[in-house]
Amino acid sequence: MRYWLMKTEPDVFSIDDLMRAPGRTSAWEGVRNYQARNFMRDGMKKGDRVLFYHSSTDPTAVAGTARVSREAYPDATAWQPGHEYFDRRSTPEQPVWMMVDVTFVEKFPVPVTLAELRTLPELREMMLLRKGMRLSIQPVTAAEFKAVLARARRLAKAAR
DNA sequence: GCCAACGTTGGC
DNA sequence: GCCAACGTTGGC
């Protein structure tokens with residue numbers, strides 16, 4: 001099993017939106033970056049675990065976890081003229097952009113903020129924390145995933 | 001809202 | 001194929 005981090009702006013799609021979605025499942029549409037697409041297309045397998053990251057918000061944080069519930073398939077929003085994710089290069093015959101489905105697993109009672117992630121020695125090498133890193137889909141190691149989860153548990157316990 | 005960092009585009 | 005210009009991301 002592999003581990004990933006997926007960024008989303010909560011104003012656009014949040015962990016609460018995923019929690020309330022039918023079947024607690026949603027397509028991850030709108031990825032328009034080749035590296036991110038390749039991670040979805042070539043790397044993501046059903047059952048992989050996902051850190052659900054809220055970006056462009058205050059504070060930015062890992063808000064919970066999800067799992068990959070459907071492997072890569074074409075992102076139909078790319079060939080819908082007028083759609084905000086429209087890209088004329090992509091057609092049903094030759095799709096350029098792909099997406100996966102993700103299913104809600106848990107929402108952390110206390111989000112693990114970016115500032116907090118930076119304090120964890122286990123995450124010293126984490127891709128997210130590298131300068132200039134803005135890739136919206138990133139691989140995460142098992143140890144990193146575990147460390148984030150452990151911190152979320154500890155924060156939840158302290159908040160009770 | 002600013003702006004550094006990065007990816008993409010397109011002229012040459 | 002180079003690289004300047006431009007657009008986007010995303011933390012602050």
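Letters A, B, ... mirror the listed sequences (proteins, then strands); counts begin at 1. All heavy atoms count here, side chains included; hydrogens, waters and symmetry mates do not. Note that the coordinates shown come from a computational prediction; the quantities given were computed from them, not determined experimentally.
A:Leu114 and A:Met127 sit in two unconnected hydrophobic clusters of ILVMFWY residues. Membership requires side-chain heavy atoms under 4.5 Å apart, directly or through other members.
Within the structure, every side-chain polar atom (N or O) of A:Lys131 is placed at least 4.0 Å from both OP1 and OP2 of B:dA4.
Closest non-hydrogen pair, A:Ala72 versus A:Met40, comes out as CB-O, 3.8 Å.
Using a 4.0 Å heavy-atom cutoff across all strands shown, A:Arg37 reaches no nucleic acid atom at all.
The aromatic rings of A:Tyr3 and A:Phe145 lie tilted to each other, with the angle between the two planes from 30° to 60°.
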Practice problem: Between protein and nucleotides 7-12 of chain C, map the contacts as a letter string: B base, S sugar-phosphate only, - none, heavy atoms under 4.0 Å, written 5' to 3'. | Solution: BBBBSS
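With sequence neighbours excluded, the residues forming a salt bridge (Lys or Arg N to Asp or Glu O under 4.0 Å) with A:Arg151 are A:Glu116, listed by chain and number.
Each of A:Tyr73, A:Trp79, A:Tyr34 was compared with A:Trp97 under the ring-ring contact (aromatic ring centres under 6.0 Å, His included) criterion, and only A:Tyr34 meets it.
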